[in-house]
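Written out below as structure tokens is the structure these notes cover.
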Amino acid sequence: MKCNVTRKTQKIDHTELYFSKPSRPVGIIIFGASGNLTRKKLLPSLFKLYQRDLIPDDFFILGVARTQMTDEQFREYVQKSIKQAGNRKFLSDFLKHCYYLSGNYESSETYGEIQNKLKRLERIHGTQGNKIFYLAIPPNVFQAVIYRLSESGLARESKFSSNFARVVIEKPFGKDLESARELERSLANNFSEKQIYRIDHYLGKETVQNIFIFRFANTIFEQVWNNKFIDHVQITVAEDIGVENRAGYFDTTGLLRDMFQNHILQMLAFVAMEPPASFNAERIRDEKVKVLRSIRPFPLNELYRWIVRGQYLSGKVNDYQVPAYTEEPGVSKDSKTETFVAMKLMIDNWRWNGVPFYIRAGKRLPRKISEIAIIFKKVPYSMFPNIPIEELAPNSLIINIQPDEGIALNIQVKHPGARLCLETLSMEFKYENVFSIKALDAYERLLLDCMIGDQTLFIRNDDVIASWELLTPVLRSWEKKSENEKNGKVHPYRAGTWGPKEADWLIEKDGRKWRKL
Ligand code: BG6
């Protein structure tokens, strides 16, 4: 979250960007260099940063993976990966900074070879021993890589110099409380917390960061941001895509782990946190974790009243016929994995006491949209003739996270004319209409922050544990269906609809309704 303006340099081909170029040279070592994440996100984002002149002049990228490739072949691979990046200006310069090494993640020999290669690359590129290790690898080799990185001394930060060694890790951060604790133990045994950057790409989204600014840089909203004025909050994270080619991962993970443990709880924390004492990574992270710890544990004996699971059947999305989840390639035919979750949760603290948060997220819903809706209380009484209180719509504040980024405040106005008629009007701001610059993509932003050494938008260890403490009992209860059949039931819903009808019941039983999106 910086505001220094980077001067236009010859590499920047558009208006000024409100970011600083990292001042220290760095070598970026990507484990899992031949995988999906590297190809789709990391390489294109690094290239974009390079084009925007937001990578230090002295840098290199070393890809590491099992696939056999030479440096030259890797450069071709990099070139193909960033084909979609549009403008290819400076590509040949960028490629000169890319290298590759193949090896087995578990074998100590690989790390010896990395050591040797790094020595050479550090000399050529003058990176002064600063390193970022990006672990874009499957969870089953996570521990091995962490251990080897530490054992080989590759990720050691020397007490006698200011060189840094940072480790970036991707979710899933474990699959339940126990495995998360084990992962955290192994991270803590091998690195210090200031070396660890746990990525949640939602925190890299401008609109998510803006929740913080919106709340704490304006006095008028903070006054009403509590249970005196807010009736309830709705969070929707809808996707029109299905499981795509990720069945291997998703079918053993499910939507609760995939979206709630991380992205959704992180957004919720931004919405519900108390103002931190200062704009400092640790103070902000302290407040986020307090919110997670204040969420009321779900009553396991009647879980179905609080959480509804669903799985998509075949149907039409955006006019295309799509198969049922269990017919997707790689998904087991009798899979009970949820692709949709609707949840009601309560935050037990002074600010939020009595304000329900209704959250829904799912795949194969009618369209891609993520929004946070703050629904305010109705006026206490209608003084207007012929307008009963039920017809007076409450104010609402809609924070559109994506794709139509912006904020809207819905208010009641008088429709012009002699008769008294009210209408809901929306006061809107859209990013694209206001700001001429295109925001950095989430991965660009987070990679940049990691190079700078700013952990504000990364998740801390206690945050990971707090989210699993909340969700693990739910997962356990779903596993032991026998206690109450209704609890773990996976309700079917047609692809292209807003989830099972039980999700409507979840909110309607409280006299409220999901927003029509
Ligand atoms: C990922 C999940 O973390 O986020 C995916 O694993 C999901 O299942 C994706 O599709 C959604 O991200 P975005 O940025 O497209 O909303």
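Counting starts at 1 for both ligands and their atoms, following the listed order. Bear in mind the structure is a predicted one, so any value in this text is a computation, not a measurement.
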(message) Check this for me: does any side-chain nitrogen of one of Asp286 and Arg460 sit under 4.0 Å from a carboxylate oxygen of the other?
(response) yes
Contacting atoms of ligand 1, where contact means under 4.0 angstrom from a heavy atom of [X]:
X      : value
Lys171 : 1 (C), 2 (C), 3 (O), 6 (O)
Lys363 : 5 (C), 7 (C), 8 (O), 10 (O)
Gln402 : 13 (P), 16 (O)
His201 : 1 (C), 3 (O), 4 (O), 12 (O), 13 (P), 14 (O)
His263 : 1 (C), 3 (O), 4 (O)
Lys205 : 13 (P), 14 (O), 16 (O)

Test of ring centre spacing under 6.0 Å for [X] and [Y]:
X      : Y      : result
Trp352 : Phe357 : yes
Phe216 : Phe279 : no
Phe221 : Phe214 : yes
Phe59  : Tyr50  : yes
Tyr312 : Phe340 : no

(message) Side chains of Tyr431 and Asp404: any donor to acceptor distance under 3.5 Å?
(response) no
For [atom], closest protein heavy-atom neighbour:
atom                    : result
atom 11 (C) of ligand 1 : Glu239 OE2, 3.6 Å
atom 16 (O) of ligand 1 : Tyr202 OH, 2.5 Å
atom 8 (O) of ligand 1  : Asp258 OD2, 2.6 Å
atom 5 (C) of ligand 1  : Arg246 NH1, 3.3 Å

(request) Check each heavy atom of Phe250 against ligand 1 and say whether those closer than 4.0 Å belong to the side chain, the backbone, both or neither. (result) neither
(request) Please confirm whether Lys368 comes within less than 3.5 Å of ligand 1 when only nitrogen or oxygen atoms on both sides are compared. (result)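 Yes, there is a polar N/O contact under 3.5 Å.
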(request) Would you kindly check if the NZ (Lys) or CZ (Arg) of Lys288 is within the cone defined by 45 degrees around the ring axis of Phe270 and under 6.0 Å from the six-membered ring centre? (result)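 Cation-pi check for Lys288 and Phe270: passes.
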